[in-house]
Amino acid sequence: MPPSPVVTLSKDDFDAVIFDMDGVVTRTAHVHAAAWKKMFDAFLEGYAARTGSSFKPFDVAKEYTRYVDGKPRLDGVRDFLASRGIELPEGGPDDSPEQDTVYGLGERKNAFFNVQLEKKGAKRYDSTVELIHKLKKLGIKSAIISASRNARAVLKSAGVSELFDTRVDGLDAQELGIAGKPAPDVFLAAAEKLGVEPQRAVVVEDAQSGVEAGRAGGFGLVIGVDRADQADELARFAHVVVSDLAEVAVDGVTDETTTGELPSALDHFNHIEIRLKSKRPAVFLDYDGTLTPIVERPEDARITEEMRQTVRDLAKLCTVAIVSGRDLQDVRHLAGIEDIYYAGSHGFDIAGPAGKKMEYQSGTDYLPDLDRAEKELEKRLECLDGVQVERKKFAIAVHFRRVAEEKHLEVEENVDQVLAQVKRLRKTGGKKIFELRPDIDWDKGKALDYLLEKLDLNKRDVLPFYLGDDLTDEDAMRELKERGIGITVRDDEDRRTQAAYALEDTCEVRIFLQKLADLLEERAQESE
Ligand SMILES: O=P(O)(O)OC[C@H]1O[C@H](O[C@H]2O[C@H](CO)[C@@H](O)[C@H](O)[C@H]2O)[C@H](O)[C@@H](O)[C@@H]1O
């Protein structure tokens, strides 16, 4: 469930939102903090030895947020040194990182930061990216600002360079000769570049100096994002403080997008690669419409040898499971891939490699209801041309793909009547299909969650993927919204989805899986 909104942005009130970068859009605050600490500690230790004073290390929790965070690099050096009563020569832009001058210490911090950025890569806050997409839908512009002169490299590393209408970073500020935060100049420069009045713009900031700058600039709304347990300090200047931008709603835009609007998982594979940088994937695959094209008759949905081999290759490199609406035995037989996990009957029936049964949400109590419904459906629907009743262990599918269009309603009425007779089942839909399954709160999403737990994959260093094409796959996409990547396989119908990316067809699914396998293979070779 998304958190309840703390604030709602509306087109009536605002024309633009200006986002600070570090800590709001990108997760680099900790990389900066670590680089500052490494630099200051080395300097302070040497300074203590030279002056005979005692060495007191840089306190990230207190001193980073108070003196350094959000400010231009040199101001950070100056303000911190002043807080300790240390005076250093100013130096100049040509100073080397080894020199104990304000410029030299700034260069040293920068060198540490770049090493870390190269090593770890910047990450982005998905909730912020989602908010920007929602603002775009409403025609509200966005800008990114940063005091950092490395901002362009950070944005690129996090895969968000193209997201904003404009940018004012440390290099721009230098060129424009404008002051850093807490002066409002960078925000005002961004508003001017966007062509909006400050009163009609929102500032989003996680640094104390940043909310102060937003307020000083006369911006219509200043949102403080509390990432460092400093809500009270931020609230001194911010109109509102949130803990994450998932708490900011956009008037008239829901959380869901449609399948047609989604970016391609292949075109954006570099973004996915970035998210996988320090994680390993676990891949969950739907069968019909994802691994095989949709065909007239369910029994003809055969996986190609090429697809089978790709899934096998991937399964050698990471955990792979097929999560299907089909009967467990049926989907295992059709897929014909050993050594992977299978969840059949929409997750009611789960088995590990070599058919090893796993615990699952039991539908066994409902078997008599399903038997009864099956008989009733067969009896009622036998005269309707083209209907196919497919019994799975824990569900019954009524296919009407081959039924004349004008008879579809009659099929549904019969299914509804059977449902009325056998009360402990519920009806769900899919592609030219009605299904009856046990009326239990269990679906592909719950099965996915269960598998993640059971296989010890519910961890920070695991990035789960779910690929599916149908409505029933949306339960799994929803489950991964905050902790993984949902990829929908498009068809002719544009419908709402919880997925983050799309693929056009099963051919693209195979290419995507192959790319993933290649990436993992490369990584494995690199680490040898
Ligand atoms: O979760 P899935 O693996 O995608 O299974 C969903 C249903 O797939 C099958 O039906 C669908 O595919 C058939 C073959 O392409 C097609 O003829 C039918 O119209 C589709 O609905 C399967 O037969 C069902 O049991 C699954 O529930």
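Just follow the structure's listing: the first ligand is 1, and inside any ligand the first atom is 1.
- Within the 4.5 Å cutoff, side-chain heavy atoms of K11 are placed close to those of D15.
- Remark: ligand 1 and D470 share no N or O pair separated by less than 3.5 Å (distance only, no angle test).
- H32 and Q116 share no donor-acceptor pair across their side chains, judged by distance under 3.5 Å alone.
- The pair E479-K446 does not meet the salt-bridge criterion, since no charged nitrogen lies less than 4.0 angstrom from a carboxylate oxygen.
- Residue K444 has at least one nitrogen or oxygen atom sitting less than 3.5 Å from a nitrogen or oxygen atom of ligand 1, judged on distance alone.
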With ring pair (Phe, Tyr, Trp, His ring centres under 6.0 Å) as the test, would you mind laying out the steps for Y341 and F284 before giving the verdict?
CA-CA 9 Å; Y341 292 85; F284 297 84; 8.7 Å; no
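- Residue-ligand proximity, K392 to ligand 1, at heavy-atom distances under 4.0 Å covers atoms 24 (C), 25 (O), 26 (C), 27 (O).
- In this structure, R437 fails the cation-pi test against F348, since its NZ or CZ atom is not both closer than 6.0 Å to the six-membered ring centre and inside 45 degrees of the ring normal.
- Considering backbone and side-chain N/O atoms, D286 comes within less than 3.5 Å of an N/O atom of ligand 1.
- Between the choices K431, H399, H346, the shortest heavy-atom distance to atom 10 (O) of ligand 1 belongs to H399.
- Atom numbering of ligand 1 starts at 1 in the shown order; those under 4.0 Å from a heavy atom of Y287 are 3 (O).
- A salt bridge links D126 with R124: the closest approach of a Lys/Arg side-chain nitrogen to an acidic carboxylate oxygen falls below 4.0 angstrom.
- Annotation: I433 places no N or O atom under 3.5 Å from an N or O atom of ligand 1; distance criterion only.
- Compare E390, R401, Q388 by their heavy atoms: the one nearest to atom 19 (O) of ligand 1 is in R401.
- Among the atoms of G325, some N or O lies under 3.5 angstrom from an N or O of ligand 1.
- The ligand atoms of ligand 1 that sit less than 4.0 angstrom from a heavy atom of E435 are 27 (O).
- For ligand 1, the polar-atom distance check against S324 finds a nitrogen or oxygen pair separated by under 3.5 Å.
- Residue nearest to atom 6 (C) of ligand 1, selected from D288, I322, V295, L291: D288 (by heavy-atom distance).
- A donor-acceptor contact closer than 3.5 angstrom links the side chains of R380 and Q417.
- Note: F269 and F512 meet the aromatic proximity criterion, with ring centroids under 6.0 Å apart.
- Looking at E296 against ligand 1, only its backbone comes within 4.0 Å, counting heavy atoms.
- Because its NZ or CZ atom is not both nearer than 6.0 Å to the ring centre of Y466 and within 45° of the ring axis, R478 does not count as a cation-pi partner of that residue.
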